[in-house]
Amino acid sequence: MRVDIQLPTTDPQGHTFLTWVPVKATARMADASGASNPARVTLQNGGVNGGGRLAFDSVRTDAGAAELDLELPTDGTAVEFWVAGEFQHPSSAYGDVAIDVMASGTQVGRREMMVRIRKNAVNLSAAERDRFLLALGKLNNAGHGVFQGFRDAHVTDSLDEAHGFPGFPAWHRAYMLDLERTLQEIDSSVTLPYWRFDEPAAALFDRAFLGMPPVNPAQGDTIQFPHGHALEFWKTDTLDSIDRRPTFNINGAPPAQLLGRPNVISQAETMLLGMQYDRFRRMEGAPHGRAHTSFDGPINLPATAPKDPLFFLLHANVDRLWAFWQWFNQRTDSPNSATYSTAGAPPGRPGLIGHNLGDTMWPWNQSTTPPRPTFPPPRGQFPTSPTTPRPGPQPTVRDMIDWQGIHGGDPLGFDYDDVPFELHAGGVA
Ligand SMILES: [Cu+2]
């Protein structure tokens, strides 16, 4: 007897990836010799100890279990089931989790996969860290790679449609996902780690990760990577390397208050900004902007910030805070003004674009017509993913909001280690 498992989130190389969002999978009898009809089988967690874990169910739910019994017809008819990564049990390597199909104590099928989740940078294994850095280094290719397009998407001409107004979180969600998908084309086991800027993160500001400048400021602020480090030859705008000097002690976090004003406020304080989107999005100032200005170097100015790879870990955390807020307050229903500012472009800025729910986002819309930047878009259409059809080639602001497909449809294909998938009234089961 042999049972085949099919999952839709499988890439052309046959690698399967899951997040916290359940996907509809099938099991079918591929070889029914010795089986009674129907054959009773049990799906269960395989893989290595400490690896990813799976949750199964017979319907789309947020309460799957470690095992699921199925009855499979011997004629090979496929039987549907649902499977997701079990929250708080992500993979750290491809194949450290598997579906084992058992019949009367015998393994009759097995399918290895990965619960691929964005993690706190300080919790990555050395191998996870190095795979991420290696993919990033290849993307940059010593200044000759496609990374320059990412850097050129976040420049003076485009800042108004990505900052200062309601679309800030949505545009940056797309930007992070574009980068992550492009890294996954290099190494499909990589996700974008986040810098939790309200907690100590010395392991991130380490020579083995994103590095530190010389201790003596008289020797400059250029990061000193050890020989052989994947970012050793990092280059943007034809300038060498990365300049960055923290203005805070890296054994702690940047201060929550500075000169009597909110600075890099905690996650709890960020949630307390409010349950209404227009209150929450004040986080663009503190903690987001203050996290940038906690350094000397290009990262503290919008037009140059993405020259420093730390930018993407900082913004992964900004996106995580938005996702956490969305989950905590059930804010994924885009027509609701508590979820997103539905009033449109603010008064006095009638030409402002990229902030209305239905607006496409530059550069992925490939527009060169004002008020969009008029130079050639530095990125192509939005990259496709082997694990989901969303968001499509020219995403809108609306496409970025319901990232897990709570309200139906497909997810965007990413999740965070501390933000679960949770259905609620108003969601689609
Ligand atoms: Cu920013």
Side-chain angles (χ1 to χ4, degrees), residues 118 120-121 136 147-180 182-183 192-199 201 204-205 210 236-237 242-248 253-256 258 261-267 269-270 273 277 280-326 341 352 354-355 361-364 373 378-379 397 400 403 414 416:
R118 295 182 184 173
N120 188 328
L136 199 58
F147 182 81
Q148 188 64 32
F150 286 92
R151 183 265 170 281
D152 290 347
H154 196 277
V155 286
T156 306
D157 285 8
S158 65
L159 295 180
D160 268 4
E161 65 176 285
H163 300 84
F165 301 100
F168 164 77
W171 189 89
H172 286 83
R173 177 166 286 174
Y175 192 42
M176 294 302 110
L177 188 58
D178 183 6
L179 183 87
E180 183 176 70
T182 308
L183 290 173
L192 190 56
Y194 61 86
W195 169 40
R196 191 154 168 182
F197 39 63
D198 64 335
E199 292 183 346
L204 177 60
F205 301 106
L210 289 188
T236 53
D237 300 343
I242 301 159
D243 281 2
R244 179 199 327 124
R245 182 173 295 279
T247 59
F248 60 99
L258 194 62
R261 299 187 60 192
N263 193 57
V264 181
I265 61 173
S266 70
Q267 174 164 319
E269 286 179 286
T270 304
L273 289 172
Y277 184 78
F280 172 73
R281 78 173 183 86
R282 293 185 302 167
M283 63 93 79
E284 185 179 350
H288 155 259
R290 304 292 92 77
H292 278 280
T293 55
S294 297
F295 301 89
D296 291 328
I299 196 167
N300 86 19
L301 286 173
T304 55
K307 289 164 58 66
D308 184 342
L310 175 62
F311 173 96
F312 294 91
L313 287 85
L314 186 165
H315 265 277
N317 193 50
V318 170
D319 188 64
R320 185 190 63 88
L321 289 168
W322 185 30
F324 192 95
W325 177 88
Q326 291 185 282
S341 298
L352 194 64
H355 299 277
M361 295 183 287
W362 185 91
W364 306 285
R379 295 287 299 148
V397 170
M400 292 298 120
W403 87 99
F414 68 90
Y416 290 98

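As the structure lists them, so they are numbered: ligands from 1, and atoms in each ligand from 1.
Looking only at atom types and distance, the side chain of Arg151 has no donor-acceptor partner in the side chain of Thr304 under 3.5 Å away.
Looking only at side-chain heavy atoms (C-beta outward), Phe150 and Pro306 stay at 4.5 Å or farther from each other.
If you look at His315 and ask which of its N, O or S atoms sits nearest the Cu ion (ligand 1), the answer is NE2. His292 has its closest N, O or S atom to the Cu ion (ligand 1) at the position named NE2.
Using a cut-off of 2.8 Å, one finds that His172 contributes no N/O/S atom close to the Cu ion (ligand 1). At a threshold of 2.8 Å, the Cu ion (ligand 1) has no backbone or side-chain N, O or S atom of His163 nearer than that distance.
In this structure, CZ on Arg282 lies 8.5 Å from CD1 on Ile265, to the nearest 0.5 angstrom.
For the pair Arg320 and Tyr416, the NZ or CZ position fails the cation-pi test of under 6.0 Å to the six-membered ring centre and within 45 degrees of the ring normal.
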